[in-house]
Enquirer: 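Mind having a look at this structure? Questions to follow.
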Amino acid sequence: MKYVDLHLHTTASDGVMTPSEIVRYAKSKGLQAIAITDHDTIEGLEEGLAEGEKIGFEVIPGIEISAEHSSGSMHLLGFFMDIHHPFLNERLGYLQKARAERNPRIVEKLNRLGIEVTYEEVVKASGGGQIGRPHVARVLLEKGYVRSFPEAFERFLKKGALAYVEKFRFTAKESIHFIEEAKGVAVLAHPNTLNMNGYSELESFLQQLVKEGLKGIEVYYPEHSALEVAQYKTLAERYGLLMTGGTDYHGIEKNGLDIGVGRGEMKLPYSIVEGLKAVRDKSL
Ligand SMILES: [Zn+2]
Ligand SMILES: [Zn+2]
């Protein structure tokens, strides 16, 4: 029996392996299929799909969208989207642009507080990688505006602090909509991070997502307890949803999880992929 892994990150977001590397690695591990699901981007898919084609290994185009959510965090997986679909690309482009404007706005807010930092200094502190609040914190520390990293967050950068700028996110409804428009199948990722206040709150939340077009729940996930898995299965059955799973592999050095197996407990059969394909084909 061969297994699949439908939740993986590459260097296109915060994973360690390039898309080609992860495809070759999955094949070498004896998996039957994988989905590449980078955070808020499909930039690794062209390469990943081409590599799959080249070496004869099934790669499913995927994505993991961070959607707006009042408590905890909500991630939505999309599978089988047409990666060249104009609406999908327009929406993801919009998201990127909104995120890129965030750091300059943080600097603007600091300037208005009389703190003399420039965006160029923040870029320099990032060393050329993705820019984020830790780099702003480093500049504040270097210039003596704070005495420590935590102080920079506490006084200026954490949610609700003086120079905080909200991260732009699409709503769940909007995210499901553009996944569906691009002929993809939308699935709620690791429901345990939603921080719901109990089972019945989760159920009514899920009912709303189903109305908005949700087709599945990621039931099998390394951080889910046996009880959570049982609960998510019950909910999936009750609302006729697909049950998917994946390891959320980012590179074993990142969190000790390996592709396909997690910490050794994951065994996801190919029938999960068949279920996704059946739902996709029905809505085509
Ligand atoms: Zn996630
Ligand atoms: Zn993930």
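Numbers here simply count residues along the sequence, with the first being 1. Ligands are counted one by one from 1 in listed order, and the atoms in each one are counted from 1 as well.
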Enquirer: Can you name the N, O or S atom of His7 that is closest to the Zn ion (ligand 2)?
Expert: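 Of all N, O or S atoms belonging to His7, NE2 is the one nearest the Zn ion (ligand 2).
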Enquirer: Answer yes or no for His39: is there an N/O/S atom below the 2.8 Å cut-off from the Zn ion (ligand 2)?
Expert: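 Coordinating: no.
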Enquirer: Return yes if a side-chain donor-acceptor contact under 3.5 Å exists between Glu181 and His85, otherwise no.
Expert: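 No, because no side-chain N or O of Glu181 sits under 3.5 Å from a partner of the opposite role on His85.
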Enquirer: Within 2.8 Å of the Zn ion (ligand 2), is there any N, O or S atom belonging to His190?
Expert: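 Within the cut-off used here (under 2.8 Å), His190 places no N, O or S atom near the Zn ion (ligand 2).
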Enquirer: Of all N, O or S atoms in His75, identify the one at the shortest distance from the Zn ion (ligand 1).
Expert: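 It is ND1, the N, O or S atom of His75 closest to the Zn ion (ligand 1).
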Enquirer: Compute both the distance and the angle, then confirm whether Arg91 meets the cation-pi test with Phe178: under 6.0 Å from the six-membered ring centre, within 45 degrees of the axis.
Expert: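 So Arg91 doesn't make the cation-pi contact.
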Enquirer: For the Zn ion (ligand 2), find the closest N/O/S atom belonging to Asp248 and write down its atom name.
Expert: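 For Asp248, the N/O/S atom sitting closest to the Zn ion (ligand 2) is OD1.
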Enquirer: So, His84 and Asn89: side-chain donor and acceptor under 3.5 Å apart, yes or no?
Expert: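 Checked: His84/Asn89 side chains show no N/O donor-acceptor pair below 3.5 Å.
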Enquirer: Is it the case that His224 and Glu218 place a side-chain donor and acceptor less than 3.5 Å from each other?
Expert: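 No donor-acceptor contact under 3.5 Å links the two side chains.
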Enquirer: Of all N, O or S atoms in Glu64, identify the one at the shortest distance from the Zn ion (ligand 2).
Expert: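 Result for Glu64 and the Zn ion (ligand 2): OE1.
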Enquirer: Are Asp38 and Ser13 close enough that a side-chain donor and a side-chain acceptor fall under 3.5 Å?
Expert: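 Yes, a side-chain donor-acceptor pair sits under 3.5 Å.
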